[in-house]
Amino acid sequence: MSQPVLMLPDEAATQAFGERLVLALPETSLIYLYGDLGAGKTTLARALIRALGHEGAVRSPTYTLIEPYELAGRRLYHLDLYRLGSPEELEDIGLRDLLAEPATLLVEWPEKGQGVLPPADLELRLEPAGVGRRLSLHPATARGAKILKNLGFSS
Ligand code: ADP
Ligand code: MG
């Protein structure tokens, strides 16, 4: 499967990608956001959530671990697992139920849930590139490949 790379020269480019991504997502999708602190994971998630019609602030789930949304007739969960003590704690936030729902899951720091989190449909990795960011997209399922196709990347 192709693994496209995009250059995001500034914050506006990250936001524009979030807006573009939301249009490409099927109702159920599992998206993992990789990258160091400050890479732009929350920036991307916020733009996507706003593009679905959320008004006002988009809270970072840094302390709550999860923020639920019901927007434009779809369910979306934004997770930030940075402060997860162990992958087993995912049971406490009801991961199993979330995965059984038709919903979009956007997960920052999926590394922290390794062993309990299932494979993503699409992995996004943000890395510094000059003053901007480099975004690489790794589809891991047929659904992930479909998302890339919807984004206009050929396989
Ligand atoms: P993370 O959630 O990965 O820790 P944040 O989204 O909270 O990162 O913060 C990213 C920071 O980088 C913000 O200050 C944002 O303005 C900035 N930023 C986001 N995307 C870009 C980009 N493409 N180029 C330069 N700066 C960016
Ligand atoms: Mg973040």
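Below, each value reflects all heavy atoms present in this structure, side chains not excepted, and no hydrogens, waters or symmetry copies. Read the numbers this way: they start at 1 and go in the same order the structure lists the ligands and their atoms.
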Where the side chain of R83 meets the backbone of L65, is there a donor-acceptor pair that is under 3.5 Å apart?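 Side chain of R83 to backbone of L65, a donor-acceptor pair under 3.5 Å: no, none is there.
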Main-chain N/O of A13 paired to D10 side chain as donor or acceptor, under 3.5 Å: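 A pair under 3.5 Å: yes.
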Which label fits W109 and Y82: parallel for a plane angle under 30°, tilted from 30 to 60°, or perpendicular past 60°? tilted
Run the numbers for me: atoms of ligand 1, each under 4.0 Å from some heavy atom of [X], listed by number.
{"X": "L8", "result": "22 (C), 23 (N), 24 (N)"}
{"X": "V131", "result": "24 (N), 25 (C)"}
{"X": "A39", "result": "1 (P), 3 (O), 8 (O)"}
{"X": "L37", "result": "4 (O)"}
{"X": "P9", "result": "24 (N)"}
{"X": "T42", "result": "1 (P), 2 (O), 6 (O), 7 (O)"}

If we set the cut-off at 4.0 Å for heavy atoms, which region of A13 has an atom near ligand 1: side chain, backbone, both, or neither?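 Looking at A13 and ligand 1, no heavy atom falls under 4.0 Å.
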Report the part of E108 in contact with ligand 1, treating N, CA, C, O as backbone and CB onward as side chain, heavy atoms under 4.0 Å; options are side chain, backbone, both, neither. side chain
Should E127 and R134 count as an ion pair when the cut-off is N to O under 4.0 Å?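 A salt bridge links E127 with R134.
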Taking the non-hydrogen atoms of D36, is any one of them nearer than 4.0 angstrom to ligand 1? yes
For atom 14 (O) of ligand 1, is the nearest protein heavy atom under 4.0 Å away?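 Flag for atom 14 (O) of ligand 1 set to false, no protein heavy atom closer than 4.0 Å.
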What residue and heavy atom of the protein are closest to atom 6 (O) of ligand 1, and at what distance? T43 OG1, 2.5 Å
Can you check the angle at the Mg ion (ligand 2) formed by OE1 of E108 and OG1 of T42? Round it to the nearest 10°.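 OE1 of E108, the Mg ion (ligand 2) and OG1 of T42 span an angle of about 80°.
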